[in-house]
Amino acid sequence: APPPGYRISLSAYGGEWDLARRGSARVPAGRQELVARLVRDVPGATALLPNFPNPFNPETWIPFELNEDSRVRIEIYATTGELVRAIDLGHRVAGRHVTRENAAHWDGRNMLGEAAASGTYMYVLRAGGESRYGKMVVVK
């Protein structure tokens, strides 16, 4: 398996196949040169994915995808519009940040370190001049 953030591509006689996808390819009879390449897996668009678990208590992970290297910030808001917590992730490379190791992590606490109350919260991904929105639930 390729390392996280990469995929394996196979090229032959002008065609190219992503080995992570199912399917088949016909290669003409005779001697062919096959080239396998490790390719960076960059999504076509920046996306904010659903947090997991949801609902949660006391912590959750917020996965996202970047189509370009960007400074990343996650903002968490109460339904009243009050900013509960801002998580500055700094500069992140383009790719899929979807595992516990590289997704954003919220420990369920506000900016003062107090546990957030049960309820619905909105979260915003700010990256590369774009904003994406999601909703999560804290259950105590």
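The shown structure was predicted, so the numbers you read here are calculated from the model rather than taken from an experiment.
Salt bridge annotation for E114-R109: absent, with no cationic side-chain nitrogen under 4.0 angstrom from a carboxylate oxygen.
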Hey, mind stepping through I74 and L125 against side-chain contact (heavy atoms from CB on, under 4.5 Å) and telling me if it holds? CA-CA 5 Å; I74 302 287; L125 167 72; 3.7 Å; yes
Mind running side-chain contact (heavy atoms from CB on, under 4.5 Å) on R85 and N110 for me, showing each step along the way? CA-CA 5 Å; R85 180 81 178 265; N110 65 20; 5.6 Å; no
Begin from the C-alpha positions of K135 and T120 and carry the test side-chain contact (heavy atoms from CB on, under 4.5 Å) through to its verdict. CA-CA 7 Å; K135 182 170 63 170; T120 301; 3.4 Å; yes
Set out, in order, the CA-CA distance, both residues' side-chain angles and the distance that settles side-chain contact (heavy atoms from CB on, under 4.5 Å) for I62 and M136, then state yes or no. CA-CA 10 Å; I62 304 168; M136 66 177 105; 3.9 Å; yes
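Connection of Y121 to F56 is established within a shared hydrophobic cluster, with ILVMFWY side chains joined at heavy-atom distances below 4.5 Å, either directly or through further cluster members. Follow the hydrophobic side-chain contacts under 4.5 Å out from V84 and you never reach Y77; the two are in separate clusters. Note on F52 and L49: separate hydrophobic clusters, where clusters join Ile, Leu, Val, Met, Phe, Trp and Tyr whose side-chain heavy atoms are under 4.5 Å apart, directly or indirectly. Taking hydrophobic clusters as Ile, Leu, Val, Met, Phe, Trp and Tyr residues chained together by side-chain heavy-atom distances below 4.5 Å, W61 does not share a cluster with I76. Note on L83 and Y133: same hydrophobic cluster, where clusters join Ile, Leu, Val, Met, Phe, Trp and Tyr whose side-chain heavy atoms are under 4.5 Å apart, directly or indirectly.
Note that CD of E130 and OG of S70 are 7.5 Å apart. Values are rounded to the nearest 0.5 Å. Within the model, atoms CE of M122 and OG1 of T80 stand 12.0 Å from one another, a figure rounded to the nearest 0.5 Å. With rounding to the nearest 0.5 angstrom, the CZ atom of R92 is 13.5 Å from the CD atom of E65. Remark: R73 CZ to S131 OG distance equals 11.0 Å, nearest 0.5 Å.
Other residues sharing the hydrophobic cluster of V35, ordered by chain and number and joined by side-chain separations under 4.5 Å: none, the residue standing alone.
Two rings, from Y123 and W106, have their centers 6.0 Å or more apart.
Closest approach of L38 to I8, counting heavy atoms only: CD1-CG1, 4.2 Å. Between A104 and L89, the shortest heavy-atom distance links the atoms CB-CD1, 3.7 Å. When all heavy atoms are compared, the tightest approach of V39 to S9 is CG2-CB, 3.8 Å. Pairing each heavy atom of N67 with each of A94, the nearest pair is C-CB, 3.9 Å.
Side-chain atoms of E59 and H105 include a donor-acceptor pair closer than 3.5 Å.
Other residues, nucleotides and ligands contribute over 12 non-hydrogen atoms within 6.0 Å of the NZ atom of K140. No more than 12 heavy-atom neighbours from other residues, nucleotides or ligands sit within 6.0 angstrom of OH on Y6.
Without hydrogens or angle criteria, N102 side chain to T99 main chain gives a donor-acceptor distance under 3.5 Å. Remark: the backbone N or O of N51 is not paired with any side-chain donor or acceptor of T60 at under 3.5 angstrom.
Remark: R71 pairs with D88 by the side-chain hydrogen bond (donor to acceptor under 3.5 Å, both in side chains) rule, at least two apart or across chains. In this structure, the side-chain hydrogen bond (donor to acceptor under 3.5 Å, both in side chains) partners of R40, at least two apart in sequence or on a different chain, are D69.
Taking the side chain as every heavy atom from C-beta outward, L66 and H97 approach each other to under 4.5 Å.
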